[in-house]
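When a residue number appears, it is its place in the shown sequence, counting from 1. All heavy atoms count here, side chains included; hydrogens, waters and symmetry mates do not. These figures come from a predicted structure and were not determined experimentally.
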Amino acid sequence: QVQLVESGGGLVQAGGSLTLSCAASVGTFSSYCMGWFRQAPGKEREFLAAISRRGGSTYYADSVKGRFTISRDNAKNTVLLQMNSLKPEDTAVYYCAADTLGEAFASGRYYYRWMYDYWGQGTQVTVSS
């Protein structure tokens with residue numbers, strides 16, 4: 001069983017920055033590919049970024065490319081999402097997810113929410129204008 005806990009959300013003004021953190025409860029964290037998603041009210045859960053087991057490969061949605069950066073620290077069982085130049089449309093609940101079966105990257109469908117089998121509870125990010 002994998003437990004993921006996000007933190008770092010909050011209220012920020014447009015143009016500001018936030019760093020989200022996701023802590024995993026298992027010692028085999030380095031064997032999982034990780035992803036960040038978000039969901040705004042009334043909308044589908046949206047892929048943001050994904051990172052390979054050792055962090056050598058990263059992928060981003062076009063909507064956040066150049067503004068968000070995903071990284072991981074396997075020694076601390078943590079994955080981060082650095083968010084810069086935030087916009088009001090970035091307001092959403094942000095989730096981290098783990099692909100413990102290794103299918104997301106192997107299939108190339110790292111952007112597909114159903115490839116991830118464990119999810120955190122989410123953290124709210126609100127960007128004011």
Side-chain angles (χ1 to χ4, degrees):
Q1 193 77 4
V2 177
Q3 289 188 325
L4 304 174
V5 179
E6 302 98 335
S7 61
L11 175 64
V12 63
Q13 288 189 331
S17 298
L18 278 177
T19 298
L20 304 183
S21 179
C22 174
S25 64
V26 293
T28 52
F29 177 74
S30 61
S31 64
Y32 304 150
C33 297
M34 300 294 295
W36 281 98
F37 290 73
R38 69 185 177 191
Q39 189 165 17
K43 294 189 175 182
E44 294 289 320
R45 192 163 296 191
E46 174 190 14
F47 167 76
L48 299 176
I51 189 166
S52 59
R53 295 180 179 90
R54 297 182 181 178
S57 297
T58 56
Y59 299 94
Y60 297 92
D62 288 343
S63 59
V64 304
K65 196 174 296 183
R67 299 190 299 125
F68 291 11
T69 301
I70 189 171
S71 62
R72 67 190 297 162
D73 184 339
N74 287 341
K76 297 181 179 179
N77 285 6
T78 300
V79 61
L80 302 178
L81 186 68
Q82 171 69 41
M83 306 186 295
N84 298 323
S85 303
L86 284 162
K87 307 173 183 179
E89 51 264 42
D90 292 319
T91 296
V93 178
Y94 284 67
Y95 300 90
C96 70
D99 166 28
T100 66
L101 302 178
E103 296 180 350
F105 273 60
S107 67
R109 295 190 292 173
Y110 47 83
Y111 51 86
Y112 193 46
R113 62 176 291 191
W114 305 113
M115 302 303 294
Y116 297 84
D117 48 340
Y118 288 94
W119 293 81
Q121 83 289 349
T123 185
Q124 176 71 46
V125 171
T126 302
V127 184
S128 66
S129 56

Atom OG of Ser52 and atom CZ of Phe105: how far apart are they, to the nearest 0.5 Å?
5.5 Å
Between Gln82 and Thr19: side-chain donor-acceptor atoms closer than 3.5 Å
yes
Side chain Ser85, main chain Arg67, donor-acceptor under 3.5 Å:
no
Path from Leu86 to Trp36 over hydrophobic side-chain contacts below 4.5 Å
yes
Using a 3.5 Å distance criterion without hydrogens, assess whether the side chain of Arg45 forms a donor-acceptor pair with backbone atoms of Arg38.
no
Backbone N/O of Phe37 and side chain of Glu46: donor-acceptor pair under 3.5 Å
no
Can a donor-acceptor pair be found, under 3.5 Å and without considering hydrogens, that links the side chain of Gln13 to the backbone of Ser129?
no
Supply the atom-to-atom distance Phe68 CZ to Leu18 CG, rounded to the nearest 0.5 angstrom.
9.0 Å
Is there a side-chain contact between Met83 and Tyr94, using heavy atoms and a 4.5 Å cut-off?
yes
Within this structure, what is the CD-SG distance for the pair Glu6 and Cys22, rounded to the nearest 0.5 Å?
5.0 Å
Could you tell me whether the side chain of Asn74 and the main chain of Arg53 form a donor-acceptor pair under 3.5 Å?
yes
More than 12 heavy atoms of other residues, nucleotides or ligands under 6.0 Å from CD of Gln124: yes or no?
yes
Looking just at side-chain N and O atoms, do Asn84 and Ser17 make a donor-acceptor pair shorter than 3.5 Å?
yes
Would you call Thr123 and Val93 a side-chain contact if the rule is heavy atoms closer than 4.5 Å?
no
Check for me whether Arg72 meets the cation-pi criterion with Tyr32, that is, NZ or CZ under 6.0 Å from the six-membered ring centre and within 45 degrees of the ring axis.
no
For residues 103-114, the side-chain hydrogen bond (donor to acceptor under 3.5 Å, both in side chains) pairs (sequence neighbours left out) are none
Short side-chain to backbone donor-acceptor contact, Asn77 and Phe29, under 3.5 Å:
no
Checking Asp90, Leu20, Thr91 against Val125 for side chain to side chain contact (heavy atoms under 4.5 Å, CB included), the one that qualifies is Leu20
Quick one: are Tyr60 and Thr69 in side-chain contact, heavy atoms under 4.5 Å?
yes
Given side chains that start at C-beta, do those of Ile70 and Leu80 come closer than 4.5 Å, heavy atoms only?
no
Please walk me through it: do Asp117 and Thr100 pass side-chain hydrogen bond (donor to acceptor under 3.5 Å, both in side chains)?
CA-CA 7 Å; Asp117 48 340; Thr100 66; 2.3 Å; yes
At their closest point, which heavy atom of Leu81 faces which heavy atom of Ala49, and how far apart are they?
CD1-CB, 4.3 Å
